[in-house]
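Have a look at the structure below before the remarks.
What you see is a predicted model, and the numbers here were worked out from it, not measured in a lab. Naming: A, B, ... by sequence-line order, numbering from 1 per chain.
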Number of protein chains: 2
Amino acid sequence: MVDSATETQAEALTPRQLAVLDAVLGLMVEKGDQLTMAAVARRASCSKETLYKWFGDRDGLLTATVQWQASKVRAGNYDRQKLDALSLRDSLISFAANWLQVISSPTSIALNRLAISHAATHESNLGGIVLANGRFAIGERLRPLLEDGRATGLLDFDDAETAFRTFFGLVGRDVQIRLLLGDALKLSVTEIERDAARAADQFLALHGRAKPAPKA
Amino acid sequence: MVDSATETQAEALTPRQLAVLDAVLGLMVEKGDQLTMAAVARRASCSKETLYKWFGDRDGLLTATVQWQASKVRAGNYDRQKLDALSLRDSLISFAANWLQVISSPTSIALNRLAISHAATHESNLGGIVLANGRFAIGERLRPLLEDGRATGLLDFDDAETAFRTFFGLVGRDVQIRLLLGDALKLSVTEIERDAARAADQFLALHGRAKPAPKA
DNA sequence: CGGGAACAGTACCGTACGTTACGGTTCCGT
DNA sequence: ACGGAACCGTAACGTACGGTACTGTTCCCG
């Protein structure tokens, strides 16, 4: 169930249809909950009938939107390079900063709110899609780095999944839940950089073998 | 804004009214989103008119429910005892286990989903109340322990808030977001105990001075 | 015993929204 | 030029739900 929906039919869609999905994203961010089919049609300058023809029903439209957004956030991939203590730390920081950037973006907040609301009742698995393209996708992308780090003797851990979850916690902390609940938490670029470095150093303090810079 | 709403008029309510709020909690957990006033009235065997008389409107009912639930989860207080490395670790584990228990409970999940949905549009600050009684309340309750730990020389950190956020991340990791998004994550009591101990030991590895048991 | 407050049950109203239907317009292929 | 498909704009329908009003019953208090 991890990434079954990651790449599925993301692009059997025409540019016009993708423009509609961008309109949905825009509305989600601006209007939050008032994501009505009429509003989407108005914003996208298309008719409701077209929306239903293209996406079936409201859930279909939302699902396509989530997948479209997910396909746009494919950053932070780890290209297997020569790994030393410094490049490992850099890669960790890069992952952390990217993740913080994503979860603090208005689009991600709106999308997660929608998926969480949906998870409360509906069965159409928006939450699963968001999880697959968010939490689990980044887990899969980070795993090779962790494994390489262990293979090179730079890292020490038993289970890569557990190690990743520790990293995930050190990076995200209370940021996502606070933002989702409407806290006016602001993350500047410099704060993201600093927090990312702190998280990476803490992770290395816990799982690193040649401690690079364990300053608090 | 931290806990302005923590203790406000939690108990100007009759037992009958609290029973209504319990009905709301039950419906939230079972039916998720279908939290309609009619359903509440049916479940609580009261009339809608009574609901409106008692709680004003739907938001008032939800707000009262959130505060009622918050008043029930007052566990995990730290009683200032003599502090040594072992009792510090025990207290940390206790905090962590309690927090994991809370965020993985169906009631908390339903409540947070509701507050997050609400945060998307409405201004009536359900999200703020949940934050004040959840994330920030536990932060305030843990702070004395951290400060005492630092005063006794058992802990080392610059900023108590930052240290707490690290602890928060190590404990919660990806648990809450996965549960909110509908992931079928199960946390048994033994897993909670193990994860709580792991988080406490990791925290001590990062901020402790007399390392008690830094085993992975 | 009588009267009134409190409340259950229910009918009712207005509105918002998902979904469908339809007339009009554009555009493409033949 | 013609026919049809695609699509826009909008009206219309059905339903769900928040909120209000009304009726009848229970129960307390004098």
Quick check: does any side chain N or O of B/N112 sit under 3.5 Å from a backbone N or O of B/S108, one acting as donor and the other as acceptor?
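Here the side-chain-to-backbone pair exists.
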Which whole-number value in Å describes the distance from [X] [atom1] to [N] [atom2]?
X     : N      : atom1 : atom2 : result
A/L62 : C/dG18 : CG    : C1'   : 12 Å
B/K53 : C/dA5  : NZ    : P     : 10 Å
A/R16 : C/dT26 : CZ    : P     : 16 Å

Can you tabulate the close N/O pairs, meaning under 3.5 Å, that link protein atoms to atoms of nucleotides 25-28 of chain D?
none

Does the protein touch nucleotides 10-24 of chain D at the base, only the backbone, or not at all? Give it as B, S and - per nucleotide, heavy atoms under 4.0 Å.
-BB----SBBBBB--
Donor on one side chain, acceptor on other, [X] and [Y], under 3.5 Å:
X      : Y      : value
A/T121 : B/Q34  : no
B/S47  : B/T50  : yes
B/T107 : B/Q69  : no
A/S188 : A/E191 : yes

So, are A/R141 and A/E147 salt-bridged, with charged N and O less than 4.0 Å apart?
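Result for this pair is no, no salt bridge flagged.
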Are [X] and [N] close enough that a side-chain N or O sits under 4.0 Å from OP1 or OP2?
X     : N     : answer
B/S45 : C/dA8 : no
B/W54 : C/dA6 : no
B/R43 : C/dA8 : no

Using the ring of each side chain (for Trp, its six-membered ring), is B/F168 parallel, tilted or perpendicular to B/W99, with breaks at 30° and 60°?
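Geometry flag for B/W99 against B/F168: tilted rings.
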Can you list every pair that meets salt bridge (charged side-chain N to carboxylate O under 4.0 Å, His left out) and has a residue in residues 46-60 of chain A, with sequence neighbours left out?
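Passing the test, one end in residues 46-60 of chain A: no pairs.
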